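Here the structure is a predicted model, which is why all the values come from computation and not from measurement. Atoms considered below: every heavy atom in the structure, side chains included; atoms not considered: hydrogens, waters and symmetry mates.
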Amino acid sequence: MKKLLLLCLPFVANVALAQKDENAVKYAALITPKALKEKLTILASAEMEGRETGTPGQKRAAAWIEGEFKRMGLKPGNGDSYQQIYPLYADVITDKKLSVNGKQFTFDKDYSFTTAVPAGTWNVNNVVFAGYGIVDSAKGIDDYKGLDVRGKVVVVVDGGTAPAAGGPGGGRGGFGINPKQAAATTRGAVALLTVSSAFPRTVPTPLKGRVSMTKSNATFFTANISAEVASALLGRTFNIPFADLKDINKGTYVSELAIVAGKTVENTESSNVIGIIPGTDKKDEYVFMTGHYDHLGKNATGIWYGADDDGSGSVGVMQMAEAFVAADKKGIHPRRTLVFMTVSGEEKGLWGSQYYSEHPIFDLAKTSVDLNTDMIGRGDSSRKADTLNYIYVIGHDKLSSELAPINESVNKLYDINLALDYKFDDPKDVNRIYFRSDHYNFARKGVPILFFYDGMLGADYHKQTDTVDKIQFDVMSRRAKLVFHTGWVIANRDAMMKRDTPLNMPSR
């Protein structure tokens with residue numbers, strides 16, 4: 001594990017920063033706590049409804065960011081448009097039936113299934129009960145031991161001691177997989193019915209599913225069922241209490257299960273919002289500053305505001321843009337074209353940046369760097385030192401040997417003096433942070449990246465309590481200034497960033 005704090009290196013001439021650029025100091029001063037708070041209060045407001053990709057709230061946020069880019073004076077980044085639209089698809093349930101031994105059960109009272117299920121009709125004469133359905137080799141647990149589930153429907157009980165979804169970092173950004181489903185599918189099951197204590201449901205199951213970048217091709221059926229449905233499937237004429245289901249013998253049970261699922265596909269869309277400042281003598285080379293403006297949306301219980309994740313990074317990009325535009329208007333133009341891009345779909349699996357990387361507007365071979373900010377307004381409660389006087393920097397030792405010297409130099413030269421913590425660049429990082437934000441889709445195309453991140457994985461991470469009142473705007477301002485100064489240097493240096501360092505990370 002590497003951790004370099006305020007390191008002063010003997011830079012080569014092309015990297016060394018001998019003295020401050022007073023113009024950079026002047027315009028960085030526009031990145032104030034007040035300006036950041038004003039923008040974030042709007043982006044992370046109830047009006048934006050959690051900004052879930054493909055929803056009206058996300059599109060409202062995109063329109064607001066576009067309006068701000070226009071107000072500042074950024075030029076549109078996609079021809080004459082500020083938005084790069086990409087297609088999405090949503091499944092809508094149109095029919096739903098479930099019966100056991102001829103008895104019809106009621107949707108949301110006795111069972112539910114998601115729109116990710118394949119459409120069709122299933123008639124089954126028996127099911128296999130696999131207890132909790134857990135396989136955890138580290139703990140010596142295998143609930144499938146002695147069971148043949150190939151081609152069969154498996155019933156499992158919710159709960160138990162399942163390993164974290166997807167292993168390290170499971171779940172975030174669409175990288176995780178339900179470990180119980182994984183255990184069933186790898187053993188050849190065709191469906192998984194999970195017995196849940198959440199029936200009857202207090203929040204209706206949405207009949208319109210969450211969006212996807214591709215049309216659904218699901219072949220594996222999943223559903224949640226009540227203890228009453230499970231009792232019928234396991235051959236009981238009485239209802240087994242949920243708490244007692246774990247004690248039922250594993251094995252095959254004879255029962256007549258009939259399921260009908262019907263659905264249609266709706267076409268929808270999302271977008272990345274892009275504004276630019278054209279460069280001068282190196283205008284055909286590009287410096288990107290990115291952050292994702294989407295979050296987790298809302299439901300009947302409330303809104304996931306996403307103030308830190310990643311309202312803070314998106315607003316940081318916007319305020320940096322405002323500072324660069326102010327300089328440009330006074331004749332202090334960047335040599336390279338500056339591209340400010342806020343993307344959607346990050347929480348779904350880096351969709352927006354993935355789409356951009358596959359449909360680039362600007363030549364990726366001529367893209368010098370991507371400086372990505374995802375969560376820069378809070379603190380990591382697990383840290384023992386530095387309080388808030390730090391930022392995690394990811395990518396310093398990957399792809400370009402010039403990244404760390406420039407970033408470390410501006411940190412010291414411009415008196416920002418944050419502790420630059422590189423622990424998430426460790427190839428053995430169990431959180432796999434390197435793969436979990438939008439810089440990754442630039443890095444996989446060979447573009448050097450730096451990712452700035454506050455490490456707020458505990459506390460209010462992915463909770464409705466990630467709100468504006470929790471943001472530390474003073475330190476957020478300093479972190480954004482660090483990114484600004486790094487971008488200023490890279491945009492104006494003689495050469496593009498070298499691509500001379502092998503990637504020392506495992507595969508995604």
Side-chain angles (χ1 to χ4, degrees), residues 1-12 14-15 168-169 172-173 175 285-292 310 313 336 339 341 343 346 349-350 353-354 356-357 360 363-376 390-411 418-455 457 479 482-483 485-487 489-491 493 495-508:
M1 181 180 294
K2 295 182 180 179
K3 185 176 181 181
L4 307 178
L5 303 180
L6 306 179
L7 193 59
C8 183
L9 298 177
F11 305 139
V12 296
N14 197 39
V15 175
R172 186 172 189 265
F175 303 144
E285 297 176 6
Y286 310 96
V287 170
F288 270 71
M289 296 186 173
T290 58
H292 75 89
D310 180 34
R336 290 176 180 81
V339 184
M341 182 168 74
V343 301
E346 192 271 357
L350 314 185
S353 57
Q354 176 186 330
Y356 180 85
S357 71
D363 188 353
L364 290 172
K366 291 291 188 179
T367 299
S368 191
V369 73
D370 173 46
L371 304 177
N372 185 48
T373 51
D374 188 349
M375 302 166 62
I376 57 169
Y390 75 94
I391 188 69
Y392 293 116
V393 184
I394 294 94
H396 84 290
D397 61 349
K398 309 179 196 314
L399 300 176
S400 176
S401 63
E402 297 176 317
L403 287 167
I406 291 174
N407 191 229
E408 292 168 356
S409 181
V410 300
N411 184 46
L418 290 168
L420 307 182
D421 194 326
Y422 296 142
K423 76 171 186 176
F424 290 121
D425 266 335
D426 187 339
K428 297 179 181 179
D429 169 33
V430 296
N431 292 292
R432 293 172 60 82
I433 297 298
Y434 183 78
F435 303 95
R436 288 173 57 182
S437 192
D438 296 292
H439 61 279
Y440 172 76
N441 281 315
F442 285 87
R444 72 186 181 92
K445 296 292 187 177
V447 177
I449 65 92
L450 285 177
F451 169 33
F452 301 86
Y453 167 60
D454 64 23
L457 279 179
R479 291 165 176 168
L482 174 67
V483 184
H485 283 297
T486 302
V489 171
I490 295 174
R493 68 199 299 263
M496 280 185 55
M497 298 295 289
K498 292 180 180 178
R499 301 186 179 191
D500 61 348
T501 304
L503 185 62
N504 62 346
M505 297 298 287
S507 63
R508 178 177 170 190

Please lay out, stage by stage, how N372 and I449 fare under the test side-chain contact (heavy atoms from CB on, under 4.5 Å). CA-CA 7 Å; N372 185 48; I449 65 92; over 6 Å; no
Heavy-atom pair with the smallest gap, counting every atom of P448 and M497: CG-CB, 4.3 Å
Taking the side chain as every heavy atom from C-beta outward, state whether L418 and N411 have any atom pair closer than 4.5 Å. yes
From D426 atom CG to D397 atom CG, the distance as rounded to the nearest 0.5 Å: 9.5 Å
Determine, step by step, whether D421 and I391 satisfy the side-chain contact (heavy atoms from CB on, under 4.5 Å) criterion, reporting the C-alpha distance in whole Å, the side-chain angles of both residues, the deciding distance to 0.1 Å, and the verdict. CA-CA 6 Å; D421 194 326; I391 188 69; over 6 Å; no
S437 side chain to H439 main-chain N or O, any donor-acceptor pair under 3.5 Å? no
Is there a donor-acceptor contact under 3.5 Å from the side chain of N441 to the main chain of Y356? no
State whether the side chain of Y390 and the backbone N or O of D454 hold a donor-acceptor pair below 3.5 Å, judged by distance alone. yes
Should the pair Y440 and Y434 be assigned to parallel (<30°), tilted (30 to 60°) or perpendicular (>60°) ring geometry? perpendicular
Rounded distance [0.5 Å steps], OG in S353 versus CE in M341: 7.0 Å
Verify, without hydrogens or angle tests, whether D310 (side chain) and M375 (backbone) share a donor-acceptor contact under 3.5 angstrom. yes
Please report the shortest heavy-atom distance between Y422 and A404, naming the atom on each side. OH-CB, 4.2 Å
Check: I376 and V483 side chains under 4.5 Å, non-hydrogen atoms: no
What is the minimum heavy-atom distance between S401 and K498, and which atoms define it? OG-CD, 4.5 Å
Counting C-beta onward and ignoring hydrogens, is there a side-chain heavy-atom pair between F452 and V393 closer than 4.5 Å? yes
To the nearest 0.5 Å, what is the distance between CG (L399) and CG (N504)? 9.0 Å
Should we say atom NZ of K366 is surrounded by more than 12 heavy atoms from elsewhere, each under 6.0 Å from it? no
For the residue pair S357 / R444, report whether a side-chain donor-acceptor contact shorter than 3.5 Å exists. yes
With the side chain counted from C-beta on, respond yes when K423 and D429 share a heavy-atom pair under 4.5 Å apart, and no when they do not. no
pair K398-T501: side-chain heavy atoms closer than 4.5 Å: no
Check whether any side-chain N or O of R336 sits under 3.5 Å from a backbone N or O of T367 as a donor-acceptor pair, and report yes or no. no
Taking the six-membered ring of Y453 (Phe, Tyr or Trp), confirm whether the NZ or CZ of R479 is under 6.0 Å from its centre and within 45° of its axis. no
Distance in Å, L371 CG paired with M289 CE, rounded so as to fall on 0.5 Å steps: 5.0 Å
Stepwise, does the side-chain contact (heavy atoms from CB on, under 4.5 Å) test hold for I406 with R493? CA-CA 11 Å; I406 291 174; R493 68 199 299 263; 3.8 Å; yes
Does a side-chain heavy-atom distance below 4.5 Å link F442 with T290? yes
Heavy-atom closest contact (I490 atom, S368 atom, distance): CG2-OG, 3.8 Å
Exercise: identify the closest heavy-atom pair between E402 and M496: OE1-O, 4.0 Å
Report yes if the side chains of D374 and E346 come closer than 4.5 Å at any heavy-atom pair, otherwise no. yes
Could you walk me through whether R432 and M505 pass the side-chain contact (heavy atoms from CB on, under 4.5 Å) test, one step at a time? CA-CA 9 Å; R432 293 172 60 82; M505 297 298 287; over 6 Å; no
